[in-house]
Amino acid sequence: MKFVERAFGSPKRELPKEETEKRKNPLSSAEEEILEMREKASSKDIIGGCSSRPVFVEFKDDGAGIFKLSSREEKLEHVGNYKKERAAYLADRFLGFGLVPPTVIREIDGEIGSVQEFVPDAKTAAEAYLTPAEGKEPTLTKEQKQSLKSELFKLWFFDYLLYNGDRHGGNLLVKENKIYAIDNGWTFRKNDFYWPFCRFFDTPIPQEVKDAFERFYSWKEGKEILRDLLSELLDKDEVDCFFKRVEVVERFVRQGTIPENAQSALKFDPGIIEK
Amino acid sequence: MQYVEFYKLKNDGSQEVIATCGMKDGVVVCEGDEALIENLAKDGILDYSQAPPQKIFSKDGPRFLEQLKYNFKSGYLNASEIKEK
């Protein structure tokens with residue numbers, strides 16, 4: 001049975017293409033449509049940053065994005081990273097965390113890649129004073145710190161689920177106490193390593209995170225649709241590992257914390273994980 | 001002298017140099033955007049030539065310079081290849 005039918009029942013009529021697409025991803029947004037459909041107005045190569053060399057693209061009638069080209073994924077371990085950019089966005093969207101800027105896959109000037117909505121006036125965490133240096137006074141107010149801590153927890157939880165091997169100050173953005181997770185090409189890893197920006201083991205999981213996760217976890221159809229969408233972008237093993245992690249994390253969410261020794265709980269080969 | 005530049009992406013898609021890190025008398029010295037320099041000193045960067053990656057700091061010299069471009073590659077803040085002057 002096709003997943004559209006599985007999720008919504010057998011259609012009684014042939015759906016128009018746009019409607020089928022909408023049902024295929026019930027959470028697709030207007031921002032995604034802009035990134036997917038609008039014509040390019042201009043583009044500039046972004047210099048620096050090893051081989052991937054993304055492109056800044058402006059679209060006609062407003063909007064801009066960071067375009068990562070498949071053809072510039074030169075190193076073997078980077079091949080397919082542009083698909084993971086989209087996969088991370090989809091996972092975030094279904095989890096309801098709002099961390100990853102809208103990201104699509106499209107063709108521009110004959111090149112396939114991911115286009116992620118540009119976040120204007122943002123700083124990378126590497127340019128922001130999130131934690132004071134030794135001997136320095138904190139520059140954030142108590143409210144700002146609390147708001148950022150909540151955002152950082154969400155980011156850690158998200159990276160934990162996606163087993164992200166590459167989260168540091170250069171690939172998360174800060175703007176008005178909100179965090180944006182960018183550069184998600186090293187997510188959906190299987191059994192090698194996980195590298196978060198910060199760690200919240202043994203810290204009570206905030207209610208907002210619990211609620212979002214539980215909503216996702218109990219949404220059977222949503223999980224099936226996400227599995228199908230991810231399967232179009234990732235290897236079967238990578239998708240299986242993600243959903244195994246969802247199961248593991250659900251137990252921790254019920255307990256209220258993720259214990260320190262749980263780091264290894266996510267490091268597995270789907271072939272040998274305990275069923 | 002070997003050095004690396006940091007390019008900050010602006011809203012119009014242009015980039016500006018906001019900091020540099022260069023070798024001076026065998027050690028890496030960074031100058032420019034204050035928060036970036038402090039965070040580099042405090043948090044270090046990841047050395048992706050190791051699996052799993054390891055934290056390295058400016059005291060690690062040329063290895064630190066070489067790895068900057070792998071850490072800063074999102075587009076918003078990119079590090080250059082090592083340059084000579």
Side-chain angles (χ1 to χ4, degrees), chain A residues 42-58 64-68 75 77-78 85 116 118-136 139 165-174 180-186 192-195 197-198, chain B residues 3-22 30-58 63-83:
Chain A
S42 66
S43 63
K44 289 180 184 138
D45 266 338
I46 299 172
I47 60 170
C50 64
S51 59
S52 57
R53 302 190 316 282
V55 176
F56 179 83
V57 177
E58 284 180 302
I66 302 288
F67 183 36
K68 293 190 171 179
K75 285 189 164 185
E77 65 265 29
H78 294 165
E85 298 283 354
Q116 186 171 83
F118 175 66
V119 183
D121 302 314
K123 286 183 172 183
T124 63
E127 301 160 82
Y129 289 108
L130 296 189
T131 54
E134 203 173 327
K136 294 256 180 177
T139 54
D166 186 32
R167 182 70 69 206
H168 54 75
N171 55 25
L172 68 115
L173 300 177
V174 186
Y180 295 88
I182 57 165
D183 220 1
N184 297 304
W186 273 29
D192 39 15
F193 59 87
Y194 146 79
W195 196 285
F197 178 68
C198 47
Chain B
Y3 69 103
V4 166
E5 291 177 322
F6 287 89
Y7 308 114
K8 168 86 180 166
L9 184 63
K10 298 200 285 188
N11 290 351
D12 64 358
S14 63
Q15 291 171 278
E16 66 174 336
V17 177
I18 62 162
T20 57
C21 289
C30 298
E31 295 169 338
D33 184 273
E34 196 180 332
L36 175 60
I37 303 310
E38 284 186 18
N39 283 329
L40 285 173
K42 178 167 61 75
D43 300 330
I45 60 170
L46 298 180
D47 179 357
Y48 292 100
S49 66
Q50 311 293 315
Q54 291 173 358
K55 270 279 172 92
I56 55 172
F57 294 85
S58 55
R63 194 155 68 110
F64 181 82
L65 280 191
E66 177 61 30
Q67 289 294 318
L68 283 169
K69 65 176 181 284
Y70 299 110
N71 281 256
F72 295 97
K73 61 179 181 1
S74 69
Y76 287 86
L77 181 66
N78 278 4
S80 71
E81 296 278 350
I82 294 178
K83 298 180 165 194

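In this text, all values refer to a predicted model and were calculated from it rather than measured experimentally. A, B, ... follow the sequence lines: proteins, then strands. Residue 1 opens every chain.
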Task: Over 12 non-hydrogen atoms of neighbours within 6.0 angstrom of NZ in A/Lys123 - done: no
- [ ] Supply the atom-to-atom distance A/Asp45 CG to B/Gln15 CD, rounded to the nearest 0.5 angstrom.
- [x] 9.5 Å
Task: Which atoms of A/Val119 approach chain B - backbone, side chain, both or neither, heavy atom under 4.5 Å - done: both
Task: Under 4.5 Å from a heavy atom of chain A, the part of B/Phe72 involved - done: both
Open item on the list: Please classify the contact of A/Ala64 with chain B as side chain, backbone, both or neither, using a heavy-atom distance under 4.5 Å.
Closed with: neither
Open item on the list: Using heavy-atom distances under 4.5 Å, tell me whether A/Asn184 contacts chain B through its side chain, its backbone, both, or neither.
Closed with: neither
Open item on the list: Measuring from atom CZ of A/Phe56 to atom CG of B/Asp12, what distance do you get when rounded to the nearest 0.5 angstrom?
Closed with: 7.0 Å
Task: Minimal non-hydrogen separation, B/Gly75 against A/Ile46, with atom names - done: O-CG2, 3.7 Å
TODO: For residues B/Leu77 and A/Ala126, report the shortest heavy-atom separation together with the two atoms involved.
DONE: CD2-CB, 4.5 Å
Open item on the list: Counting heavy-atom pairs closer than 4.5 Å to chain B, which one of A/Asn171, A/Thr124, A/Leu173, A/Ile66 comes out on top?
Closed with: A/Leu173
- [ ] Please assess B/Ile45 against A/His168 for the test side-chain contact (heavy atoms from CB on, under 4.5 Å), listing each intermediate value before the final yes or no.
- [x] CA-CA 8 Å; B/Ile45 60 170; A/His168 54 75; over 6 Å; no
Open item on the list: I need the residue from B/Asp33, B/Leu9, B/Ile18, B/Val4 with the largest number of non-hydrogen atom pairs under 4.5 Å to chain A.
Closed with: B/Leu9
- [ ] Go through the atoms of B/Tyr48 and report whether side chain, backbone, both or neither lie under 4.5 Å from a heavy atom of chain A.
- [x] side chain
- [ ] With sequence neighbours excluded, tell me which residues meet salt bridge (Lys or Arg N to Asp or Glu O under 4.0 Å) with A/Glu58.
- [x] none
Open item on the list: Would you call the rings of B/Tyr76 and A/Phe118 parallel, tilted or perpendicular, taking 30° and 60° as the class edges?
Closed with: parallel
Open item on the list: Which heavy atom of B/Ala35 sits nearest to which heavy atom of A/Glu127, and what is that distance?
Closed with: CB-O, 3.2 Å
Task: Close side-chain approach of B/Asn78 to A/Ile47, heavy-atom, < 4.5 Å - done: no
Task: Contacting region of B/Lys8 [heavy-atom separation from chain A under 4.5 Å] - done: side chain
TODO: Give, as side chain, backbone, both or neither, the part of A/Lys68 having an atom under 4.5 angstrom from any heavy atom of chain B.
DONE: side chain
Task: Contact listing (chain A partner; residues 51-58 of chain B; heavy atom under 4.5 Å) - done: B/Pro52, B/Pro53, B/Lys55
- [ ] Heavy atoms only: give me the nearest A/Pro54-B/Ser74 pair and the separation to one decimal.
- [x] CG-O, 4.0 Å
